[in-house]
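Presented below is the structure to which this report refers.
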Amino acid sequence: MDMTSDVAPGRDALPAVQALSYAEAAALALRREMEADARVVVLGEDVGRGGIFGQYQGLQQRFGVERVIDTPISEAAIMGAGVGMALAGLRPVVEMRVVDFALCGMDELVNQAAKNRFMFGGQGRVPLVARMPGGIWDASAAQHSQSLEAWFAHLPGVVVVCPSTPQDNHSLLRAALQCGDPVVYIEHKNLWNLRAAVDESLDMPLGQAATLRRGDALTMVSWSRQLQACNAACDVLAAEGIAVDLIDLRTLWPWDRAMVLGSCARTGRLLVVHEAVQAAGFGAEIAASAAEATGCRIARVGAPRIPVGYAPVLEAQSRVGVAQIAEAARALCRAPPLRG
C-alpha cells in the first residue's frame, strides 16, 4: 500500500507528531502554508539564510528567491511593501527581526495595515503576518529586549499573538496565515531552542487560551516565555498546598475573556504575570475586566519601569522571577476574598 498517496505534490511526508524546536516548528508551519497556498510569500532581512533565529531555515532553497525575498535594511520599506503585497492579493509574512526594530515601520502598520479594511468599507484586506520577536534577549541591552505587546493590543484592526511553546508556534502561525487580517505575531527571542512534541494536525484557533494547570486557590494568567516561570512557581505553590488555575492566554487580541473570567469567578482571585513593564501592560486590561465582571481580588506582577540593562546584574532587575511570582500568589491567597 502506498502510504504517501494523499501527500500533495512537492510536500514531504513527515511524522504527524515529532520533536521540534520553537524555531523548527515555525519553519515547518510556514513551509506547509507555502506549499498549500502560492500567495504566501516572505520578505525581510536575512530570511534567505534562514533568519537570525533559524525560523526560515531551508525555505528560500525550497521556494526560491521570488517567494522568500531578502530586502534592504529598512523596516519602513519592508512593512510598506508587505502592505502593498497584501492589498494586491498576496499573503505576506513580514519579518521585522525583533520587535524593537519594528518601530521603524510603525506608520505602515498603524496607519495603513490596521485601518485599510475599515476606511475602505471592506473593499481592501491586508492579510499579512508581521513577525516581530519580543521580550528580553540575553545580554542584548535596552534596544533589543523590549516587550511591546500592549502597544499592538491597543491598536484597532490587528490581531496579536504570543505563542509560548513549539506546538503553539506551529499551530498559531498557520492560523495567523489563514486569518485574512493583519496579525502582529510576537515570538519570544529566548524560546527558539525550546524543544517539545509538535502535532502537525493540531488546529489552534486564534483567541483561544489554554488551561495548563487546574486549581481552586487562585487564577494565574500569563503568556509567552513568562509561562515557564509561572509554571515553576506553581510547582513551589503546589508543594505548599496552593493549587493554581494557570492560563496561557496565547492570543492577546482577541483574548479569551470567557475562560479567564470564568476561572476568576470560580477562584475569587486573579494574579496576572507578564515580562513586560507592569505600568500600562496588557495585564491591566485583564485585571480591569476581571474586576468589573467578577469582583475578584486582583494582583499584578510585571517588570519595573526601567530600561533593560546590559550587565547581568542590571538585566536581572527587569526579570520577573519564580520567587517573586510565588510570593505574590501567597499574599493574594492570604488576603480575604472581596466577593460576598
Heavy-atom check, side chain of [X] versus side chain of [Y], under 4.5 Å:
| X | Y | result |
| --- | --- | --- |
| E33 | V93 | no |
| D203 | R174 | no |
| R62 | E35 | yes |
| M220 | C234 | yes |
| L148 | M132 | no |
| C296 | R269 | no |
| Y22 | N193 | no |
| V161 | V183 | yes |

So if you build clusters from Ile, Leu, Val, Met, Phe, Trp, Tyr with side-chain heavy-atom gaps below 4.5 Å, do [X] and [Y] land together?
| X | Y | answer |
| --- | --- | --- |
| L227 | V322 | no |
| I286 | I298 | yes |
| V99 | L128 | yes |
| V160 | V221 | yes |
| L206 | F152 | no |

Taking atom [atom1] as the centre, does [X] end up with more than 12 heavy-atom neighbours from other residues, nucleotides or ligands that are less than 6.0 angstrom away?
| X | atom1 | result |
| --- | --- | --- |
| I73 | CD1 | no |
| Q143 | CD | no |
| R319 | CZ | yes |

W192 and F53 aromatic ring geometry - parallel, tilted or perpendicular at 30°/60° bounds: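 Rings of F53 and W192: parallel, as their planes differ by under 30°.
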Tell me whether [X] is salt-bridged to [Y], with the criterion being a basic N under 4.0 Å from an acidic carboxylate O.
| X | Y | answer |
| --- | --- | --- |
| R330 | E240 | yes |
| E327 | R334 | yes |
| R250 | D248 | no |

Considering non-hydrogen atoms only, spot the tightest contact between [X] and [Y] and give its length.
| X | Y | result |
| --- | --- | --- |
| A197 | V17 | CB-CG1, 4.1 Å |
| R297 | P336 | NE-O, 2.6 Å |
| A280 | A150 | O-CB, 3.9 Å |
| A175 | M204 | CB-O, 3.5 Å |

For [X] and [Y], which I'm curious about, is there any donor-acceptor pair between the side chains at under 3.5 Å?
| X | Y | value |
| --- | --- | --- |
| Y185 | N169 | yes |
| E275 | H188 | yes |
| T267 | D245 | no |

Could you check, using the six-membered ring where one of them is a Trp, whether F282 and H154 have ring centers closer than 6.0 angstrom?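 Centroid separation for F282 and H154: 6.0 Å or greater.
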Could you check whether R131 makes a cation-pi contact with Y56, meaning its NZ or CZ is under 6.0 Å from the centre of the six-membered ring and within 45° of the ring axis?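 Yes - R131 lies over the ring of Y56, closer than 6.0 Å to its centre and within 45° of its axis.
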When Q60 is tested against each of V42, I69, V65 for side-chain contact (heavy atoms from CB on, under 4.5 Å), which residue passes?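 The option that passes is V65.
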In this structure, which one of R125, K115, R91 forms a salt bridge (Lys or Arg N to Asp or Glu O under 4.0 Å) with D181?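 Of the listed residues R125, K115, R91, the salt bridge (Lys or Arg N to Asp or Glu O under 4.0 Å) partner of D181 is R125.
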So how far is it from L246 CG to L212 CG, rounded to the nearest 0.5 Å?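 Separation between the atoms: 4.5 Å.
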